[in-house]
Structures are given as C-alpha cells and as structure tokens.
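What follows is a short report on a single structure.
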Number of protein chains: 2
Amino acid sequence: MQPLPAEQTQARRFGKARSARSTAVLEDYVELISDLLGTTGEARPTDIARRLGVSHPTAIDTIARLKREDLVTARPYRGVFLTEKGETLAKRVRARHRLVVDVLLALGVPQEAAEADAEGIEHHVSDVTLKAFAEFIRDAKDRRKA
Amino acid sequence: MQPLPAEQTQARRFGKARSARSTAVLEDYVELISDLLGTTGEARPTDIARRLGVSHPTAIDTIARLKREDLVTARPYRGVFLTEKGETLAKRVRARHRLVVDVLLALGVPQEAAEADAEGIEHHVSDVTLKAFAEFIRDAKDRRKA
DNA sequence: GCACTAATGTAGCCTAACCTACGTTTTGAT
DNA sequence: ATCAAAACGTAGGTTAGGCTACATTAGTGC
Ligand SMILES: [Mn+2]
Ligand SMILES: [Mn+2]
Ligand SMILES: [Mn+2]
Ligand SMILES: [Mn+2]
C-alpha cells in the first residue's frame, strides 16, 4: 500500500483538476467556434449545439457565458465570433488537442479512441506536461528518420 | 486546416467526455475512501474533505450521492465504508490512476506534474487506451532490461 | 408577397458541486 | 462528571450545465 501524500499536496492536486474541469466546456466551445469559422465561415448556435450533442438552448446559454468571459461576441441571429482573447485561447487549445491526439497515437492507442479520449484528456494537460509531450513526439520522429 | 469530423462523430466524442466528467468526482471519492480505509482504518467526512480541499458539507453531500449510487454505506458519526460495488470501482480506479502516472513519468513528465495532471486525466482514459498504456509500460520495462 | 420551415430566442425546470453560517453530537482531558 | 474542542450535520444559497416547451424571427420557394 503506497503512503498517502500529505493532505495539502493532495488537496492542491484535486483543486487543479476541479479548476480544469470548470474551464473544459469553455475551451471546447472556443475551439469548435474557431474550427467552424475557419472551415465554413460562420459559427451559428444550432451548428455548435449539433456538433457538441447538446440542445440549442444549452449552447445559447454557454455562448452567453463566453460573452461574459469576453471570449466571443454574438448578436441575435448573427452568429458567434471570437474576440482577440478568444482567438488566442482557441489557438492554444487546438494545438494542445492535436498534440494530445498525436501522443496517444504514438503510444499505440487506436485512432477513434485517441480522438475520443483526447477530447477529455486535453483539458488536464498542464504546460509542463505539454512540453514533455512535444519532446516525446519530436524524438519519436527523429527515431523514425534514423 | 483539418477537415471537421462528421457531426454525429464529434457529438459522440463530446458526449463521452461529458459523461466522464460527471463520474469523475465519484471516482475520486471512492479511490480516496479506499486509500483512507487501507492506511488509517477509517474514512471520516472531515478527512475526506480536507484531502479533497473542499468544505465538509460538500463532502457530506457527495457522500450522500455515493450512497444513492450504492457505492458506500455511511451512518451519522460513524464514518464511510465501501460496498462491494464501491470496492470494485476503487480497485479499477486506483490501478488506472497508477498506470496513468507511470505513463506520464515514462514520457518524461516531472513527478509532481505527472501526479497532478493524472488526477484529471485518469477519468478520461478509456479501456482501450488503458490497454495501450499497459503495453507501452511493459515494453518500456523490457527495453530497459535489454 | 406569402407561407412554410428552420433557426433563434425565452421561460422555467433539474441536478451536481461548490460555499457559509449555525446548531448538535462525540470525544477526550481534566 | 464536566466541559471545551473537534467533528458532524443541517439550512440555505450560488453557479454551471444540462433539459423541454413554446414564442418569435429570418430565410426560401413558389
Ligand atoms: Mn475537449
Ligand atoms: Mn478539443
Ligand atoms: Mn482524479
Ligand atoms: Mn485518482
């Protein structure tokens, strides 16, 4: 039986996971909105809802939260757009998402499981971990060349 | 710009992540209760709350939910115990937690980041992915021997 | 231009997960 | 046996993230 970590240490870890959980939804929305804007030119509440698998009122509610957090602008019947802050977040989130998928694939996880699990995992990957992931992928590529 | 996945595919992935998020708290409680029972012989609401970094009423509320889900038994002033179902879940969750930490460490993630990130990541690792992780670790060990 | 349809918005509801404030029960030390 | 402190429980409140049902607006085809 492993010794338990010190109370405060464990509490800090759980706290980080809680805070990541609370921003996960926002991150998914900005990433998706950015993708929709990039590929179709617009991001409308109904599309967002359908792609997320939620009802459209749920999407509209969350879009309101995104507005409050200054990540998007949206006006009735006009679709959703990213603010500067939103664009910046979207870029970071998309890059992280891709890297997480790549790492899972490199570890031998089948494609669809990698894509599905990454959708949840990504939100809990810290910067330090992300750096380690990037190096791992870089090294894997080097090994393949040699 | 990568092509977007089909709507239903993407919705299914997001749905899985949502459902994992909704069980994450239960999993952490069960794992922690099991650890406390194993090392100190008892799991009291206050200890649980302190280790999770939440207020004790929050812990008590969640323990009530665990009871509803038939994962624990608890009576006033008497501490918390795992049901069969709870024990089973605890074992699975603990094994998964350890494996996730091991994989992160093997990828070069520093100890504390590995422990902290694993606390969130673990809940989004599917069985298929877990299997790939196990093989990766086994192979890494073999390589070290050779 | 009208009418139907799809999209959007609004209202109202629910549960989970957090909190503070306060009252009650146990526990343990004199 | 008493009593203070710690643990526990309860009450009541907030926010996020879901939902359904219904009303309104916008867009399209005729
Ligand atoms: Mn995601
Ligand atoms: Mn993503
Ligand atoms: Mn966890
Ligand atoms: Mn854990």
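Nothing here was measured: the structure is a model prediction, and the numbers come from that model. Any value given below was found using the heavy atoms of this structure, including those in side chains, with hydrogens, waters and symmetry copies removed. Residue numbering restarts at 1 for every chain, and letters A, B, ... go by the order of the sequence lines.
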Is the phosphate of [N], meaning OP1 or OP2, less than 4.0 Å from a side-chain N or O of [X]?
| X | N | value |
| --- | --- | --- |
| B:Arg68 | C:dA16 | yes |
| B:Arg65 | C:dT15 | no |
| B:Ser55 | C:dC18 | no |
| A:Arg21 | D:dG17 | no |
| B:Thr58 | C:dA17 | no |

Side chain of A:Ser34, backbone of A:Val30: donor and acceptor closer than 3.5 Å?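 Side chain of A:Ser34 to backbone of A:Val30: no pair is present.
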
Tell me the interatomic distance from [X], atom [atom1], to [N], atom [atom2], rounded to whole angstroms.
| X | N | atom1 | atom2 | answer |
| --- | --- | --- | --- | --- |
| B:His123 | C:dA16 | NE2 | P | 17 Å |
| B:Ile63 | D:dA7 | CD1 | P | 14 Å |
| B:Ile60 | C:dT24 | CD1 | P | 16 Å |

Can you figure out which of D:dG18, C:dC18, C:dA7 approaches the side chain of B:Asp61 most closely?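 Nearest to the side-chain atoms of B:Asp61, counting from C-beta on, is C:dC18.
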
Residues A:Glu27 and A:Arg92 bridged, charged N to O under 4.0 Å: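 No, A:Glu27 and A:Arg92 are not salt-bridged.
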
Just call it for [X]: base, sugar-phosphate, or nothing, with non-hydrogen atoms closer than 4.0 Å on any strand.
| X | result |
| --- | --- |
| B:Thr62 | nothing |
| B:Thr46 | sugar-phosphate |
| A:Pro57 | base |

A:Pro45 vs A:Arg18, nearer the 5' end of DNA chain C by closest nucleotide: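 Between the two, 5'-proximity favours A:Pro45.
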
Where each residue is assigned the nucleotide of DNA chain D containing its nearest heavy atom, which of A:His56 and A:Arg78 is assigned the position nearer the 5′ end?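 Nearer the 5' end of the strand: A:His56.
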
Suppose we call two aromatic rings close when their centres sit under 6.0 Å apart. Are A:His124 and B:His124 close by that rule?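 So the answer is yes for these two rings.
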
Within the 3.5 Å criterion, strictly below it, is a donor on B:Thr83 or B:Asp70 matched to an acceptor on the partner's side chain?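 Their side chains do not contain a donor-acceptor pair, so the 3.5 Å distance test is not met.
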
